[in-house]
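What follows is a short report on a single structure.
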Protein chains: 2
Amino acid sequence: MSDTEYVSIWMRPERPARGPKPAYSRAQITEAAVRIADAEGLEAASMRRIAAEIGAGAMSLYRYVPSREDLVELMYDHVFGEQALPDRPSGDWRADLTLMAHAMRATLLRHPWVAVAPRGRPSIGPNQLRLTEFGAGALDLGIPIDDILTYAGLLHGYVANVTRDELAWIEEKRRSGMSPEDLMVRNSPYVRRLLASGRYPMFQRIVMDARQPHMSMDERFAYGLERVLKCIEAALPDDVREAAAERARNAVSSSGGAVGAEG
Amino acid sequence: MSDTEYVSIWMRPERPARGPKPAYSRAQITEAAVRIADAEGLEAASMRRIAAEIGAGAMSLYRYVPSREDLVELMYDHVFGEQALPDRPSGDWRADLTLMAHAMRATLLRHPWVAVAPRGRPSIGPNQLRLTEFGAGALDLGIPIDDILTYAGLLHGYVANVTRDELAWIEEKRRSGMSPEDLMVRNSPYVRRLLASGRYPMFQRIVMDARQPHMSMDERFAYGLERVLKCIEAALPDDVREAAAERARNAVSSSGGAVGAEG
DNA sequence: TCTTCTTTGCGTACGGCGTACCCAGTGGAG
DNA sequence: CTCCACTGGGTACGCCGTACGCAAAGAAGA
C-alpha cells in the first residue's frame, strides 16, 4: 500500500541515534542554499554548489535531505520563517492582513527566487502553517471557511502578483541600467510595434500608465493593498463587518503589544 | 548598448527568404512540446524528446527557436490561444469575467504544467495580450487603470490558486488511487500529527472542511468566483456600479453591440 | 544556366545536472 | 572490546541545454 509512498520532508527526522556525529545540519544546508539562490537564482543552487559553499562533498547533502526537491521545500519554508509576526491575530483584521502582506512582500523582495519558484503541491511547512494560521485566523470573523480561504487567497494572489511584477522591473532595470519608462516604450521594439498597431487600447493604457510612474513601488503596493482590503470588507455581510469593526476598536484600545484577548 | 540585448521571441521572424525550405515549423514544434508536457510534465518536454516526437534531430529545433526558455514561452502563449473568447467584451462585465475565468480554468486543467510553470518576466505573447485586452476591457468601467489591473489580477490570482489546488488533488488522487478525504486525514501521517497537536485550529477547520466535500470542484470554483466578483462589485464606486449595471442590461438586450468605452 | 552564398538538418561534443552505488572510517550500544 | 548503524565523500551514469561544424539544398545574381 504505502510502501514506496511519498514521505513528507517534515516527517523525516533530521538525525538518528547511532553512528558518528554529523558534520553539518539541515539548517546549515538550507541557509547556504538560500544564500546562493538569493545571489544567483534558484537554479544556481545546485547540490554541488551548495556542498561547495559549506565545504562538503556533493553527495554528503543526501545524508540530510532526500532530494533537491525536498531541499527547495525546506528553503521555501525557511524564508517565510523570517517574517516576524505576532503569535496571534490582534483582532483588527485589516491591520493584521496589512502587516502580513507587507511582511510577505518584504520576503519576496529579499528572496526573488521565491516568487518565481514552481509551486507544485501545496507545501505545508511549519512556517507556512504559522502564516496560514495567522492569515486565516485574522479573517475568522464568522464567515464560512470557504470564504476565509477565498479571501486569504485573494490577498496572497495580490501580493504575489504585484511583487512578481516589481521584481521583473528591478531585474530588467539592473540588467539594462535604464529607467522603467525608457525600458517599456523606448527600448523594446516589440512593445513599440504593439502600440503602433493601435489594436491594443487597454495595453496601451497600461504602458502609458507605467510610463508616468506617478507612484513609487511602495505607494503602488499600498494603494492596491488598500483596494483589496476594501474589496474584502465590502463583501462581508453587514453584521459581520460591524462586529469586526467593533472588535478591532477593542483590540486597538486594550492590548499594548501584539497578543490580543482570547482565553 | 543593445548589442547582446535580449530579443523577444515575438519579434524574431520565423523564416527568412533565402535557403532551402524548412522541414518543420514553430507551430509544429510548439504543439509537439505541449503534447509531451500535457502527458508527462513540462520537464519531460526536453529538446531531444520534442525533436524525437516530430522525427527531427535534436539540434534542428534551434533553427526555429533560440532557446528552450523561448520555446516554453511559445508553449505558454499557445495554450491560451485555445480559449474561445469573443473579440470584445460584451458590456456585461460580470458575464465577461465569468466567461474568462471558466475558460482559464479549463485551460489550466487541460494543461497542468501551465499552473506550475515558473513565471519569470511577464510575457506578452499575442494570445495573452488578447486575454489582457478582454479582461481589462471588461473592467473598463470608468475607474483608474491601476484599479483595473488590481481587480484583473485578483481574478487571475483566484483562478490560478484554486485550480492549482484542484490539480494537486487530482494528481495526488491519481498517484494513490484514494479519495481526497482519505488522503488528507487518514493517509498522511504528517497532517494527522499536526491535527493531533491541536495547535492549528484554522488548519484543522480547513482539513475538516475538505474532509466533507459538500461541493464538487466545479461548484467550489463557481462559488468562490461569485465571491470574488461580488468583492470587486462591492468595491466599485456607487455611480460606476450603477452605470455598469445599466450597460449590462443594454448588452443583454442588444445582441452584438458591445463596446462603449474609449478615451 | 552556372555560380555564389545563405540557410537547412543534424552529428558530435562539452560542461553541468541529480543522484545511485560503494567504500573506508567513526563512535554509541551491547 | 566488539559490532554495526551511521558518517563523509569519490566515482560514475544517464540525462540536460546547447556551441560548433559540415554537407546538402535552393534562391539570387551573373
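Here is how names work: the chains are called A, B, and so on, in the same order as the sequence lines, proteins then strands, and each is numbered from 1. All figures in this text were calculated on a predicted structure; none of them were measured in a lab.
Taking atom CG of A:Leu71 as the reference point, atom P of C:dG18 lies 10 Å away to the nearest angstrom. Distance A:Lys21 NZ to C:dA29 P: 12 Å, rounded to the nearest Å. Note: CD1 (A:Ile50) to P (C:dT19) measures 11 Å, nearest angstrom. Put simply, CD on B:Glu69 is 17 Å from P on D:dC16, counting in whole angstrom units. Spacing between atom OH of B:Tyr62 and atom P of D:dG17 amounts to 6 Å, rounded to whole angstrom units. Atom pair A:Leu61:CG and D:dT7:C1' shows a separation of 14 Å (rounding to whole Å applied). We find that CZ of B:Arg68 is positioned 14 Å from C1' of C:dC17, with the value rounded to whole Å.
Distance from the side chain of A:Pro20 is smallest to D:dC6 among C:dT8, D:dC6, D:dG17. Listed nucleotides D:dG8, C:dC10, C:dT8 differ in distance to B:Ala56; the shortest reach to its side chain belongs to C:dC10. Taking the side chain of B:Met59 as heavy atoms from C-beta on, and the options D:dG26, D:dA5, D:dA19, the nearest nucleotide is D:dA19. Relative to the side chain of B:Met47, the nucleotides C:dT8, C:dG27, D:dG17 differ in distance, and D:dG17 lies closest.
At the heavy-atom level, A:Ala51 lies nowhere under 4.0 Å from the strands shown. Using a 4.0 Å heavy-atom criterion, one finds that B:Ala58 contacts no nucleic acid atom at all.
Note on B:Asp146 versus A:Arg220: salt bridge recorded, some NZ/NE/NH1/NH2 to OD/OE distance being below 4.0 Å. Salt-bridge check for A:Glu133 with B:Arg199: failed, with every basic side-chain N at 4.0 Å or more from each acidic carboxylate O.
A donor-acceptor contact shorter than 3.5 Å is absent between the side chain of B:Tyr64 and the backbone of B:Gln28.
A close approach under 4.0 Å does occur between a side-chain nitrogen or oxygen of B:Tyr24 and OP1 or OP2 of C:dC10. Taking only side-chain nitrogens and oxygens, A:Tyr64 never comes nearer than 4.0 Å to OP1 or OP2 of D:dG9.
Comparing A:Arg49 and B:Arg63 by the nucleotide of DNA chain C that holds the closest heavy atom to each, the one mapping nearer the 5' end is B:Arg63.
By the 4.5 Å heavy-atom criterion applied to side chains, B:Thr163 and B:Tyr158 are not counted as neighbours.
Taken from CH2 in B:Trp10 to CG in B:Asp70, the straight-line distance is 9.5 Å, to the nearest 0.5 Å.
The aromatic rings of B:Tyr200 and B:Phe203 sit perpendicular to each other, their planes meeting at more than 60°, with 30° as the lower class boundary.
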Residues 41-53 of chain A, side-chain donor-acceptor partners within the protein, below 3.5 Å, at least two apart:
from: A:Ser46; atom 1: OG; to: A:Arg49; atom 2: N; distance (Å): 3.3
from: A:Arg49; atom 1: NH2; to: A:Glu40; atom 2: OE1; distance (Å): 3.3
from: A:Arg49; atom 1: NH2; to: A:Glu40; atom 2: OE2; distance (Å): 2.4
from: A:Glu53; atom 1: OE2; to: A:Arg35; atom 2: NH1; distance (Å): 2.8

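DNA chain D is contacted by no residue of residues 26-46 of chain A, taking any non-hydrogen atom closer than 4.0 Å.
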